[in-house]
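For the single chain, residues carry numbers from 1 onward in sequence order. We count ligands from 1, going down the list as the structure has it; atoms in each ligand are counted the same way.
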Amino acid sequence: MTAPAHPASSSKPWDAIIIGAGAAGLFCAGVAGQRGLRVLVLDHARIIGEKIRISGGGHCNFTNLHSAPGNFLSLNEHFVKGPLARYTPADFVSLVKRHRIAFHEKHRGQLFCDGSARAIIELLQYECAQGGVTLRHPVTVNAIRREGNLWLVQGPDGSERSQALVLATGGLPVPALGATDYALSLARQFSIPVVPPRPALVPLALTAQALAPFGELSGLSVPVILSAGVARQRYGHARFEEDLLVTHKGLSGPAMLQASSYWQEGESLELAWLSEARWEALANDESQRLKHAEGLLARALPQRLAAVLCQMAGIAGKRWAEVGKKDRARLTELLTRWSVKPAGTLGWKKAEVMLGGVDTRALDSRSLMAREHPDLHFIGECVDVTGHLGGHNFQWAWASGFACAQALKSG
Ligand SMILES: Cc1cc2nc3c(=O)[nH]c(=O)nc-3n(C[C@H](O)[C@H](O)[C@H](O)COP(=O)(O)OP(=O)(O)OC[C@H]3O[C@@H](n4cnc5c(N)ncnc54)[C@H](O)[C@@H]3O)c2cc1C
């Protein structure tokens, strides 16, 4: 449905003012506008959609075919179920197809644009235009307050009144792109609880001591099994079979980014370079008895890594048949249950998403509206819902934006 463009300035209040013209805000605006609502979107950035532009290595991993509640971390794990069911990956894929954007599946359901991520920004802008949405940027929002039944949003050139207010200002990662904690401070201003934010999908640094043996391996990528988190605490425990990347500061790659969302300061991660079954088969292969330990390991791992692990286990240069029981046990432990305690994350500059945010227990999952504050909504990354790596975070932006847009009312 195409609605007429609404005048930028009018004495009639807007049906909704959305703060934040990112993935969730623009998507919500387009859907609401096409339902016939008068929508104003405000953003402080000179260029909008910057996180979309840099996402997925410039090709935007815009959804995941297998996106399901289990792919999200939230203190209230049930919260995502309704929004995810009402707007699915297939719904967004059909929108992408309608826009004739070429895409491909890369890995485990991850869908990327064949060309530039800008195609997704243009899709969102087009959908907003179809809904007659008014977009203003760069605009600084100075204050927000309730005035009777309306929200008053004050900017440098005066104020705008609206029936509903939607906060879509995203999370704290990549401050250089204008990330702020605006939604969180507004939530606090209205006594809405906030789960303390911390960087997620972020590389982890190792201490100089832990990193020393891996000094020569920077740039090496290897499939591993990585476990993080503590069962029944905060976001629980998870295990990922993905690639690990050794860097000059620590560990990264999909396995570590995924694990970082479950890791907390002071905890250790458990890393298996090989599965127990694979290692057992290799260690008991009689035909390999006379090989050097490095050679044996190099049948399953990159040679450079095999050499480092044998060094760490104190069996460098030994034939496998000469390695005693104790040393074998130490190597097995190192290969299948290596416990490593990261020194910390690389912080907001390197994080892809924010863990924590506006507490979902204070929001209604049908409308993303604050239970205690009628017509105040929070969508996208500023909410305490964080997706796994692989397109789930954009799926949350679309799904939460859609749920909110359906709930907004025309004045
Ligand atoms: C490097 C990188 C790569 C990523 N790749 C992927 C990927 O491939 N797939 C995936 O699913 N996810 C990816 N993500 C995560 C994804 O970008 C976010 O989850 C998603 O953009 C969140 O949408 P949002 O609308 O909530 O926030 P955003 O898209 O960040 O939009 C927030 C908007 O609010 C505006 N804003 C902020 N503060 C204010 C303020 N005070 N006043 C006015 N406006 C304000 C900002 O300028 C911005 O336009 C990636 C993130 C990063 C950093």
### Query
In the protein, what heavy atom is nearest to atom 27 (O) of ligand 1, and what distance, to one decimal place, separates them?
Gly170 CA, 3.3 Å
### Task
Just need the protein heavy atom nearest to atom 52 (C) of ligand 1, so name the residue and atom and give the distance.
Glu352 O, 3.7 Å
### Message
Heavy atoms only: which of Cys28, Gly20, Ser55 lies closest to atom 3 (C) of ligand 1?
### Response
Ser55
### Task
Would you mind listing which atoms of ligand 1 come within a distance below 4.0 Å of any non-hydrogen atom of Thr180?
37 (C), 38 (N), 39 (C), 40 (C), 41 (N)
#### Entry: Distance filter under 4.0 Å to Asn61 heavy atoms, resulting ligand 1 atoms
7 (C), 8 (O), 9 (N), 10 (C), 11 (O)
#### Entry: Nitrogen or oxygen of Ala24 less than 3.5 angstrom from that of ligand 1
yes
### Query
Would Tyr87 and Trp398 satisfy ring-ring contact (aromatic ring centres under 6.0 Å, His included), going step by step from the backbone distance to the final call?
CA-CA 7 Å; Tyr87 194 83; Trp398 318 137; 8.1 Å; no
### Message
I'd like the name of whichever of His392, Glu381, Gln110, Lys350 reaches closest to atom 22 (C) of ligand 1 through any heavy atom.
### Response
Glu381
### Query
Taking the side chain from Asn64 and the backbone from Gly390, do they hold a donor-acceptor pair closer than 3.5 Å?
yes
### Query
Hey, are Arg330 and Glu333 close enough for a salt bridge, meaning a charged N less than 4.0 Å from a carboxylate O?
no
### Task
Number the atoms of ligand 1 from 1 as they appear, then name those within less than 4.0 Å of a heavy atom of Gly380, with their elements.
26 (O)
### Selected option - heavy-atom contact closest to atom 28 (P) of ligand 1, from Gly22, Gly401, Ala21
Gly22
#### Entry: Which of the ligand 1 atoms, numbered from 1, are nearer than 4.0 Å to a heavy atom of Tyr182
41 (N)
### Message
On a heavy-atom basis, which atom in Asp327 and which in Val323 lie closest, and how many Å separate them?
### Response
CB-CG1, 3.6 Å
### Task
For Ala45, counting its heavy atoms only, list the atoms of ligand 1 lying under 4.0 Å from any of them.
47 (O)
### Task
Determine, for Asp359 against Arg361, whether the closest basic-nitrogen to carboxylate-oxygen distance falls under 4.0 angstrom.
yes
### Query
With distance as the sole criterion, is a donor-acceptor pair present between the side chains of Glu127 and His99 under 3.5 Å?
yes
### Query
Quick one: nearest non-hydrogen protein atom to atom 36 (N) of ligand 1, plus distance?
His44 NE2, 3.5 Å
### Task
Report yes or no: does His44 contribute a side-chain atom to a donor-acceptor pair with the main-chain N or O of Gly178 at less than 3.5 Å?
yes
### Query
Near Glu77 CD, under 6.0 Å, is it more than 12 heavy atoms from other residues, nucleotides or ligands?
no
### Query
Just checking, Arg161 and Trp151: is the charged tip under 6.0 Å from the six-membered ring centre and within 45° of the axis?
no
### Task
Using a cut-off of 6.0 Å, state whether more than 12 heavy atoms not belonging to Glu105 lie near its atom CD.
yes
### Task
Using distance alone, determine whether Phe394 and ligand 1 share an N or O pair under 3.5 Å.
yes
### Message
With a 4.0 Å cut-off on heavy atoms, is Val174 in contact with ligand 1?
### Response
yes
### Task
May I ask you to decide whether Glu270 forms a salt bridge with Arg239, counting only side-chain N to carboxylate O separations under 4.0 Å?
no
### Query
Where on Ala168 is there a heavy atom closer than 4.0 Å to ligand 1, on the side chain, on the backbone, on both, or on neither?
backbone
### Message
Under 4.0 Å, counting heavy atoms only: does Gly391 come that close to any atom of ligand 1?
### Response
yes
### Task
For atom 49 (O) of ligand 1, find the nearest protein heavy atom and state the residue, atom name and distance (0.1 Å precision).
Asp43 OD2, 2.6 Å
### Task
Please check if the side chain of Thr88 supplies one atom and the backbone of Ala85 the other of a donor-acceptor pair under 3.5 Å.
no
### Message
Is it the case that ligand 1 has an N or O less than 3.5 angstrom from some N or O of Gly56?
### Response
yes
### Query
Should you measure from each heavy atom of Asn393, which atoms of ligand 1 turn up under 4.0 Å away?
11 (O), 12 (N), 19 (O)
### Task
Please confirm whether Ile54 comes under 4.0 Å of ligand 1, counting heavy atoms of the residue only.
yes
### Task
Over 60° means perpendicular and under 30° means parallel, so classify the ring planes of Phe27 and Phe402, tilted if in between.
tilted
### Task
Run the numbers for me: atoms of ligand 1, each under 4.0 Å from some heavy atom of Ala23, listed by number.
23 (O), 25 (O), 29 (O)
